[in-house]
Amino acid sequence: MQERYNPKDTEEKWQKYWQDKELFKTKEDTTSPKFYCLEMFPYPSGRIHMGHVRNYVIGDVIARYKRMRGFNVLHPMGWDAFGLPAENAAIKHGTHPAKWTYENIDYMRGQLKKLGLSYDWQKEIATCNPEYYRWNQWFFIKMLERGLVYRKSSLVNWCPSCETVLANEQVIDSKCWRCDSIVAQKELEQWFLKITAYAEELLRFCDTLTGWPEKVAAMQRNWIGRSEGVEIDFPVAGLDKKIRVFTTRQDTIFGATFLSIAKQHPIISELINDKDILKKIASLSEDPEKKEGVFTGLCAVNPLTGDKLPVWAANFVLMQYGTGAVMAVPAHDQRDYEFAIKYNLPVKVVIIQDSRIPGFQDSSEKTINPSTPRPLDPSTSLPTTQAYEDDGILVDSGGFSGLQSKEAKDRIAQFIEKSNLGKRTVNYKLRDWGISRQRYWGTPIPIIYCDTCGIVPVPEDKLPVLLPMDITITGKGTNPLSGVRDFINTTCPKCNKPAKRETDTMDTFVDSSWYFLRYCSPHVNDMPFNSGRTNYYMPVDQYIGGIEHAVLHLLYSRFFTKVIRDIGLLKADEPFKNLLTQGMVIKEGAKMSKSKGNVVDPDYLIEKYGADTVRLFCLFAAPPERDLEWSDQGVEGAYRFLNRVWTLVNKGLRDWGLGIGKGQNTNPQSPTPNLLLRKTHQTIKKVTNDIERDYHFNTAIASLMELVNEAAAFKVSSDEDAYALNLCIINIMLLISPFAPHFAEELWESIGHEQSLLTAPWPEWDEDMAQEEEVELVIQVNGKLRGRLMIPQGLDDDSVKERAFQDAKVLEYIKDKPVKKVLVVKGRLVNIVISEK
RNA sequence: GCCGGAGUGGCGGAAUUGGUAGACGCAAGGGACUUAAAAUCCCUCGUUCCAAAAGAGCGUACCGGUUCGAGUCCGGUCUCCGGCACCA
């Protein structure tokens with residue numbers, strides 16, 4: 001063993017060893033308990049960053065730990081390899097996207113290997129490989145057969161910089177998720193996946209995701225956005241036409257004073273001829289801050305009151321949600337209220353506050369502003385400046401007056417259904433997933449357009465539709481594929497006449513929606529995956545990745561899993577049993593980014609300190625779910641720690657013959673076990689429990705540091721001492737191995753092992769050995785700490801009290817004051833309660 | 001506005017079931033070794049009172065409550081972070 005710790009040599013040596021001996025190869029048996037450990041695969045952008053390092057190190061520790069615990073671990077890695085940056089690089093540097101992508105993959109694979117990550121590289125996949133993306137096409141056709149795919153023209157989110165469409169989930173704050181450009185709206189023909197068909201199940205199963213952070217499940221529920229209400233028909237006055245509205249507040253229907261409809265509502269083009277009005281409607285503001293409307297000239301009839309209500313086109317009514325029309329109740333909806341004030345429309349109060357409703361507060365002293373007509377404050381009957389949106393008691397509502405909102409909702413819904421005026425409905429905010437992308441570097445959508453037969457899917461046996469490699473990408477104009485004649489021109493599979501191919505490619509989120517299934521059997525060619533093997537490994541036991549995919553990738557994957565289950569290939573209902581969303585790596589309080597100039601280069605760090613130091617720092621500086629503040633000095637600290645362990649082992653080898661089987665426990669029945677031995681057992685227990693308890697590696701490593709500190713201070717003066725220290729150091733090696741694997745292997749070998757440490761089981765602790773014989777007892781007087789003393793473990797309460805009352809300092813506090821009560825918490829403290837006077 | 005989460009030394013963070021607040025590490029200060037420096041090792045390190053020690057007081061964003069006892073539980077307030085937001 002070398003005198004000095006030399007990470008570079010050590011790490012290269014063991015990486016080669018692991019590879020040569022195929023130690024990370026997945027076992028093909030399906031009898032032992034399995035553990036599927038998965039980290040979100042990266043986009044091959046060129047080089048890995050610290051966020052990747054943290055993500056993959058966390059996963060690697062879990063995989064290594066579970067292997068030592070005897071699980072059959074599947075721990076794969078691959079590449080989310082289709083995507084726009086490859087095309088941008090092609091435009092900028094004149095390379096082919098495929099070449100650029102595969103070169104990046106090669107470089108990044110090397111980087112991951114240098115981190116000592118224990119992947120089974122034989123399971124590696126890249127989504128841009130035809131062997132992979134043909135199954136995207138296959139799933140697309142299967143979904144088409146099941147009615148889960150359709151094509152329609154609609155307003156879509158258009159990113160002018162990426163020159164492509166984005167799904168709703170991919171628009172963040174009106175900006176493109178990838179490049180932050182402001183997203184525009186554009187009318188386009190698109191292919192959609194009917195994720196809404198699974199809205200109810202996706203929502204319901206959120207409750208079963210107990211291994212997920214509550215936050216992520218909440219975000220998904222929020223995104224799906226279920227709301228119950230009724231659809232009601234409002235006849236158009238004087239015409240045989242109806243406007244159907246959706247509302248969740250049917251209890252306020254008697255307070256409706258007008259209707260608001262979306263400016264794209266079909267009734268506008270159908271019934272309105274006045275060019276002036278049409279023009280005004282068309283030029284309504286797009287700004288969501290400003291409420292604007294135009295009176296259409298139409299009137300509708302409230303089916304419950306018979307009142308005539310003016311119909312307004314309003315810019316804040318969304319055509320995509322509900323029916324594109326709403327009944328406006330300004331007294332009880334803030335938006336309608338503001339709109340009514342602006343256009344001088346009537347306000348009618350039909351709900352008043354109910355003192356029986358929890359949260360009711362009597363507010364009799366309200367400021368009165370009599371200048372403009374306002375609805376009445378429901379509790380004071382005085383004018384107010386806001387709509388009253390809470391539940392309450394119905395007034396002025398015909399036969400429903402006097403009911404509470406909750407009951408009124410039910411009764412009015414019943415009445416509407418019975419009278420054939422409408423029906424109860426459920427609406428979701430979730431919309432179908434538009435997957436067409438007007439780009440080259442993605443999966444071709446397997447569709448053919450035939451003048452005779454129309455839209456024809458490519459037959460299964462003609463898959464894959466290969467992405468042509470012979471292209472030029474200019475970045476100007478349309479999709480590069482539309483210029484490739486050999487690709488576009490084909491024959492119709494039905495009638496054999498000349499036909500054209502679809503030139504759009506799929507959203508790359510399709511690729512990542514099922515890759516975790518492919519990993520289970522990445523080399524099968526007749527199916528997307530082997531069901532037997534996949535059913536054995538699925539669901540993923542631990543999934544690890546960034547919170548940014550809380551809705552996007554995680555929702556799409558859940559959807560795909562359910563569809564594939566319904567196709568009959570999979571048993572699992574949900575893909576990811578446990579989810580860990582790791583925090584960001586930040587420096588100087590901000591996310592690392594090139595523009596801020598605060599990036600840390602993993603290659604440089606590995607070169608300088610070695611991968612084990614980088615791994616250890618990432619794990620020690622914060623628990624995995626929290627943000628990690630990068631600290632160069634913290635890295636030094638991790639490096640120092642490894643050096644201290646190295647020195648400890650070196651000294652042992654030199655001074656007292658550290659090695660396998662060194663020393664005998666000369667007195668195994670000794671009534672006072674060696675203190676170092678006890679600390680060793682306590683540390684095994686602590687490290688194991690910290691890993692099992694939400695992967696709190698930071699405290700696990702802290703306790704290892706404590707043990708190392710004690711071992712370093714320990715003086716060997718007998719055979720028993722040597723035995724204890726020997727056992728302690730061997731356990732340090734085992735316990736540190738998931739965190740700093742090369743380092744542990746090197747030490748393991750240095751004490752005489754011929755087999756890799758990877759074949760060793762995780763150590764177990766002996767509860768008796770870990771037990772303290774004496775514990776420190778804290779004595780409190782009236783809850784304040786007044787003394788400490790050592791007592792034997794398990795001393796009975798009466799003796800504990802007796803000893804507490806022998807403590808001189810404690811007696812001084814008590815003096816002659818009467819003792820009211822004495823409380824004993826076993827093994828911890830005594831609290832003596834006395835009267836103050 | 002609604003829904004999550006957080007607030008503890010100079011810093012990152014511990015405190016697992018209501019029971020010794022500040023483990024472990026970083027930084028800082030002092031010392032040893034050295035011609036010197038680096039590395040390494042040892043000591044100090046929440047704050048106030050006191051020359052110091054001993055000791056005592058205060059202290060987990062703020063106010064209050066429950067309890068023998070609260071960083072932890074309850075009610076309210078403030079601040080910060082994340083998500084959603086004309087979704088009828």
Side-chain angles (χ1 to χ4, degrees), chain A residues 4 172-173 213-223 225-227 229 245-249 252 260 262 287-291 314-318 320-329 332-336 338-339 389 427-431 547-548 550-551 581 583-584 616-617 620-623 625-638 640-641 643-644 647 686 689-690 692-694 696 698-706 708-709 712-713 776-788 809 820-834:
Chain A
R4 293 186 71 91
I172 318 276
D173 273 339
E214 187 44 46
K215 177 187 186 161
V216 179
M219 281 166 75
Q220 294 218 349
R221 281 193 196 99
N222 218 319
W223 187 262
R226 182 183 199 272
S227 53
V245 306
F246 173 72
T247 183
T248 57
R249 289 302 302 271
T252 65
S260 306
D287 183 357
E289 295 293 305
K290 276 191 247 160
K291 283 187 183 43
N315 68 337
F316 63 87
V317 178
L318 306 168
Q320 307 96 303
Y321 186 78
T323 58
V326 289
M327 64 176 206
V329 185
H332 306 295
D333 181 289
Q334 188 59 23
R335 294 159 301 181
D336 296 341
E338 285 166 27
F339 195 84
E389 296 186 313
N427 259 302
Y428 300 91
K429 289 204 300 180
L430 182 72
R431 314 235 184 93
I547 187 80
E548 66 272 19
V551 177
T581 48
M584 284 188 303
L616 201 68
F617 172 74
F620 178 66
E625 68 281 0
R626 261 208 247 184
D627 283 352
L628 185 153
E629 172 72 36
W630 191 265
S631 156
D632 292 334
Q633 280 145 343
V635 179
E636 293 273 358
R640 250 195 311 263
F641 171 64
N643 274 289
R644 290 224 320 279
T647 308
K686 170 93 174 124
N689 289 343
D690 282 352
E692 292 287 344
R693 173 178 63 101
D694 291 333
H696 278 200
N698 56 329
T699 49
I701 292 167
S703 68
L704 260 174
M705 287 172 169
E706 283 186 57
V708 168
N709 289 345
E776 190 182 50
L777 183 79
V778 163
I779 308 168
Q780 295 181 337
V781 178
N782 283 356
K784 292 201 185 222
L785 190 143
R786 297 302 180 194
R788 307 162 194 267
K809 239 179 74 188
K820 293 207 303 205
K821 208 197 272 184
V822 181
L823 291 114
V824 179
V825 181
K826 265 214 174 349
R828 286 197 179 266
L829 59 75
V830 175
N831 189 8
I832 300 165
V833 186
I834 57 169

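Chain letters run A, B, ... following the sequence lines, proteins first and then strands; every chain starts at 1.
Counting non-hydrogen atoms under 4.0 angstrom, A:Gln334 reaches nothing in the nucleic acid. Looking at heavy-atom distances under 4.0 Å, A:Gly637 makes contact with sugar-phosphate atoms alone, never a base. A:Arg4 comes within contact range of no nucleotide atom at all, as no heavy-atom separation falls under 4.0 Å. Among the heavy atoms of the strands, none lies under 4.0 Å from A:Val551. Counting any heavy atom pair closer than 4.0 Å across all strands shown, A:Lys820 reaches no nucleic acid atom.
Remark: A:Asp632 engages A:Lys587 in a salt bridge (charged side-chain N to carboxylate O under 4.0 Å, His left out) (not counting sequence neighbours). Residues forming a side chain to side chain donor-acceptor pair (under 3.5 Å) with A:Glu389 (at least two apart in sequence, or on another chain): none. Among residues two or more places apart in sequence or in another chain, the salt bridge (charged side-chain N to carboxylate O under 4.0 Å, His left out) test is passed with A:Asp333 by A:Arg335. The ring pair (Phe, Tyr, Trp, His ring centres under 6.0 Å) test applied to A:Tyr321 returns no partner, not counting sequence neighbours. A search for salt bridge (charged side-chain N to carboxylate O under 4.0 Å, His left out) contacts involving A:Arg788 returns A:Glu776, not counting sequence neighbours. Under the salt bridge (charged side-chain N to carboxylate O under 4.0 Å, His left out) criterion, A:Glu214 pairs with A:Arg221, sequence neighbours left out. In this structure A:Glu548 satisfies the side-chain contact (heavy atoms from CB on, under 4.5 Å) test with no other residue, sequence neighbours excluded. In this structure A:Phe617 satisfies the ring pair (Phe, Tyr, Trp, His ring centres under 6.0 Å) test together with A:Trp630, sequence neighbours excluded.
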Distances under 3.5 Å only, N/O to N/O: pair up the protein atoms with those of nucleotides 9-15 of chain B.
{"unit_1": "B:G12", "atom_1": "O2'", "unit_2": "A:Ala621", "atom_2": "O", "d": "2.7"}
{"unit_1": "B:G13", "atom_1": "O3'", "unit_2": "A:Asn698", "atom_2": "ND2", "d": "3.4"}
{"unit_1": "B:A14", "atom_1": "OP1", "unit_2": "A:Asn698", "atom_2": "ND2", "d": "3.1"}
{"unit_1": "B:A14", "atom_1": "OP2", "unit_2": "A:Arg626", "atom_2": "NH2", "d": "3.0"}
{"unit_1": "B:A15", "atom_1": "OP1", "unit_2": "A:Arg693", "atom_2": "NH2", "d": "3.3"}

Strictly under 3.5 Å: I want the nitrogen or oxygen pairs between protein and nucleotides 27-31 of chain B, one per line.
{"unit_1": "B:A27", "atom_1": "OP2", "unit_2": "A:Arg640", "atom_2": "NH2", "d": "3.4"}

When you compare the protein's N or O atoms with those of nucleotides 63-72 of chain B, which come within less than 3.5 Å of each other, and at what distance?
{"unit_1": "B:C68", "atom_1": "O2", "unit_2": "A:Asn831", "atom_2": "ND2", "d": "2.4"}

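The A:Arg786 side chain lies nearest to B:G57 when the options are B:C3, B:G57, B:C26. Listed nucleotides B:A23, B:U20, B:A88 differ in distance to A:Val778; the shortest reach to its side chain belongs to B:U20.
A:Ser227 has a side-chain polar atom (N or O) that falls below the 4.0 Å cut-off from OP1 or OP2 of B:A88. Taking side-chain N and O atoms only, A:Lys429 has no distance below 4.0 Å to OP1 or OP2 of B:C3. When the side-chain nitrogen and oxygen atoms of A:Asn709 are compared with OP1 and OP2 of B:G25, one or more of them lie within a distance under 4.0 Å.
Between A:Met705 and A:Val825, it is A:Val825 whose nearest contact on RNA chain B lies nearer the 5' terminus. Between A:Met327 and A:Arg828, the residue anchored closer to the 5' end of RNA chain B is A:Arg828, taking for each the nucleotide with the nearest heavy atom.
Counting all heavy atoms, side chain and backbone alike, A:Thr699 lies closest to A:Arg693 at OG1-NH2, 4.1 Å. Considering every non-hydrogen atom in both A:Thr581 and A:Pro213, the closest pair reads OG1-CG, 3.7 Å. Between A:Ser227 and A:Phe246, the shortest heavy-atom distance links the atoms O-CZ, 3.9 Å. Smallest separation of non-hydrogen atoms from A:Leu616 and A:Ala638: CD2-O, 3.9 Å.
In this structure, A:Glu625 places its CD atom 18 Å from P of B:G82, rounding to the nearest Å. The distance from atom CZ of A:Arg644 to atom P of B:C41 is 6 Å, rounded to the nearest whole Å. Look at CG on A:Leu785: it is 11 Å from C1' on B:G19, rounded to the nearest Å. Distance A:Met219 CE to B:C3 C1': 10 Å, rounded to the nearest Å. Between the P atom of B:C24 and the CD atom of A:Glu706 lies a distance of 5 Å, rounded to the nearest Å. Between the NZ atom of A:Lys784 and the C1' atom of B:G55 there is a distance of 14 Å, given to the nearest Å. For A:Asp336 and B:A88, the CG to P distance is 12 Å, given to the nearest whole Å. Look at CH2 on A:Trp223: it is 15 Å from C1' on B:C3, rounded to the nearest Å.
Taken from CD in A:Gln780 to CZ in A:Arg786, the straight-line distance is 10.0 Å, to the nearest 0.5 Å. Atom CD1 of residue A:Ile832 and atom NZ of residue A:Lys784 lie 15.5 Å apart, to the nearest 0.5 angstrom.
Taking syn as a glycosidic angle within 90° of 0, B:G57 does not qualify and is anti.
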Next on the checklist: For RNA chain B, please output the secondary structure as dot-bracket, reading 5' to 3'. Pairs are Watson-Crick or G-U wobble, both atom distances under 3.5 Å; mark crossing pairs with [ ], other-strand partners with |, unpaired with a dot.
Outcome noted: (((((((..(((......[....))).(((((.......))))).((((.....))))..(((((..]....))))))))))))....

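Aromatic ring centres of A:Phe641 and A:Phe620 lie farther apart than the 6.0 Å criterion allows.
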